[in-house]
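Positions are given from 1, in the same order as the sequence printed here. These numbers come from a predicted model, not from an experiment.
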Amino acid sequence: MRRTRKTQETTVLPAQATHAGGGQDLSWASPPAQQWAPGSQPSALDTSARTAALAPEEIVVRVRRHGRHLTAPVVVMFVVAGLGGFCIGSFPELWMNLAAGAVALLLLAFAAIAPILGWLARRAVVTTRRVIVHHGFFVRHRTEVSLARVREVRSKQNPVQRLWGSGDIDLYVGAEATRIPDAPGLKALHAALQELSERSYDEQVRASGYAGGFMGGPVR
């Protein structure tokens with residue numbers, strides 16, 4: 001730290017790299033001196049932008065559709081299993097028992113197992129920088145939306161969703177929208193996405209200003 005006598009301005013000297021004696025190389029702690037404009041020093045805006053750019057991406061929440069969608073498949077599974085165990089083997093003819101078993105397997109496959117797998121195959125991951133939507137079981141699809149580009153966050157609830165506190169969330173980037181369907185905890189998730197979107201946009205603006213100051217001098 002050094003303090004000039006005329007302006008009383010406090011300036012932080014850049015960290016120097018240590019190349020001898022087994023010390024740590026701290027050259028990453030500050031930009032090289034020749035990259036700054038002559039007579040200029042990094043401002044607080046530059047420092048905050050650089051810190052934001054180096055901040056690691058963190059997962060905020062993982063969401064799937066509301067768990068009530070599993071109610072019907074689970075009920076079907078128990079009913080088919082109970083009726084199948086009671087009926088299969090009770091018919092006088094072998095083909096009748098085989099037919100009953102085939103019907104039970106088809107009901108389990110299409111009315112119970114398939115909806116459960118479909119529920120598991122679709123999820124949304126919200127991080128501090130983007131929203132990633134996965135869907136598809138055999139063929140996986142992945143959609144990414146940068147939170148810095150999101151200009152509007154909308155939510156919608158039908159009467160059933162309102163009873164369970166869930167709803168659909170649409171993230172608008174221009175005229176296109178990416179939907180998180182029937183997300184639980186709609187109000188909290190909507191508020192979190194709105195805050196993350198605004199924060200990510202502000203960080204992008206600061207990073208752009210930092211880049212301009214990095215190449216041409218401090219940002220005014």
Side-chain angles (χ1 to χ4, degrees), residues 56-147 149-150 152-173 175-197 200:
E57 183 178 17
E58 298 180 358
I59 295 177
V60 178
V61 66
R62 295 183 177 93
V63 294
R64 287 188 171 92
R65 292 190 302 167
H66 196 277
R68 72 174 186 280
H69 293 279
L70 297 177
T71 302
V74 170
V75 171
V76 170
M77 183 180 298
F78 279 103
V79 170
V80 171
L83 291 177
F86 178 78
C87 296
I88 297 174
S90 62
F91 296 103
E93 298 293 336
L94 177 61
W95 67 269
M96 294 181 179
N97 293 317
L98 292 178
V103 171
L105 289 177
L106 288 175
L107 286 175
L108 285 175
F110 290 98
I113 297 177
I116 293 175
L117 293 179
W119 183 84
L120 292 173
R122 187 179 185 98
R123 67 171 181 171
V125 181
V126 180
T127 73
T128 53
R129 297 179 184 174
R130 54 186 171 164
V131 176
I132 308 169
V133 178
H134 302 268
H135 68 277
F137 189 76
F138 295 104
V139 179
R140 298 288 291 171
H141 299 272
R142 175 188 175 106
T143 304
E144 293 188 13
V145 178
S146 173
L147 287 171
R149 298 178 57 203
V150 173
E152 188 175 2
V153 181
R154 295 183 185 177
S155 60
K156 181 177 64 175
Q157 286 181 308
N158 58 37
V160 176
Q161 291 173 331
R162 194 177 297 114
L163 290 175
W164 294 93
S166 62
D168 302 327
I169 295 180
D170 294 322
L171 305 174
Y172 282 87
V173 179
E176 299 181 357
T178 299
R179 170 165 292 187
I180 303 177
D182 203 16
L186 177 67
K187 293 182 179 179
L189 183 59
H190 183 116
L193 286 171
Q194 188 71 39
E195 181 180 352
L196 289 171
S197 175
S200 183

Rounded to the nearest 0.5 Å, the CZ atom of Arg154 sits from the CZ atom of Arg179 at a distance of 11.0 Å
Are Val145 and Val150 close enough that some pair of their side-chain heavy atoms sits under 4.5 Å apart?
-> yes
Could you check Arg123, Glu144, Arg122 and say which one makes a side chain to side chain contact (heavy atoms under 4.5 Å, CB included) with Val133?
-> Arg122
Min side-chain heavy-atom separation Thr178-Asp170 under 4.5 Å = no
Do Ile180 and Leu193 pass the side chain to side chain contact (heavy atoms under 4.5 Å, CB included) test, and can you show the C-alpha distance, the side-chain angles, and the key distance before you say yes or no?
-> CA-CA 11 Å; Ile180 303 177; Leu193 286 171; 4.3 Å; yes
Contact summary for Val76 and Ala112, nearest pair of heavy atoms = CG1-CB, 4.4 Å
Side-chain donor or acceptor of Ser197 paired with backbone N/O of Gln194 under 3.5 Å = no
Would you say Ile169 and Leu189 make side-chain contact, with heavy atoms under 4.5 Å?
-> yes
Let me see the working for Thr127 and Arg130 under side chain to side chain contact (heavy atoms under 4.5 Å, CB included), right down to the final yes or no.
-> CA-CA 5 Å; Thr127 73; Arg130 54 186 171 164; 3.4 Å; yes
Find the distance between CG (Leu107) and CG (Leu83) and round it off to the nearest 0.5 Å.
-> 9.5 Å
May I ask you to decide if Leu120's main-chain N or O and Arg64's side chain share a donor-acceptor pair within less than 3.5 Å?
-> yes
So which heavy atom on Ile59 is nearest to which on Val125, and how close?
-> CG2-CG1, 4.0 Å
What closest approach, in Å, do Trp119 and His66 show between heavy atoms, and which atom pair accounts for it?
-> NE1-O, 3.5 Å
Dump the intermediate steps for side chain to side chain contact (heavy atoms under 4.5 Å, CB included) on Asp168 and Asp182, then the final yes or no.
-> CA-CA 5 Å; Asp168 302 327; Asp182 203 16; 4.1 Å; yes
Minimal heavy-atom distance between Asn97 and Gly89, with the atoms involved, is OD1-N, 2.9 Å
What one should report as the nearest heavy-atom pair of Pro56 and Thr128 is O-OG1, 4.2 Å
Nearest heavy-atom pair of Met96 and Phe91: which atoms, and what distance?
-> CB-CB, 3.6 Å
Quickly, which of Gln161, Arg68, Gln157, His69 forms a side-chain hydrogen bond (donor to acceptor under 3.5 Å, both in side chains) with Ser166? Name it, please.
-> Arg68
Determine whether more than 12 heavy atoms belonging to other residues, nucleotides or ligands lie under 6.0 Å from atom CZ of Arg62.
-> no
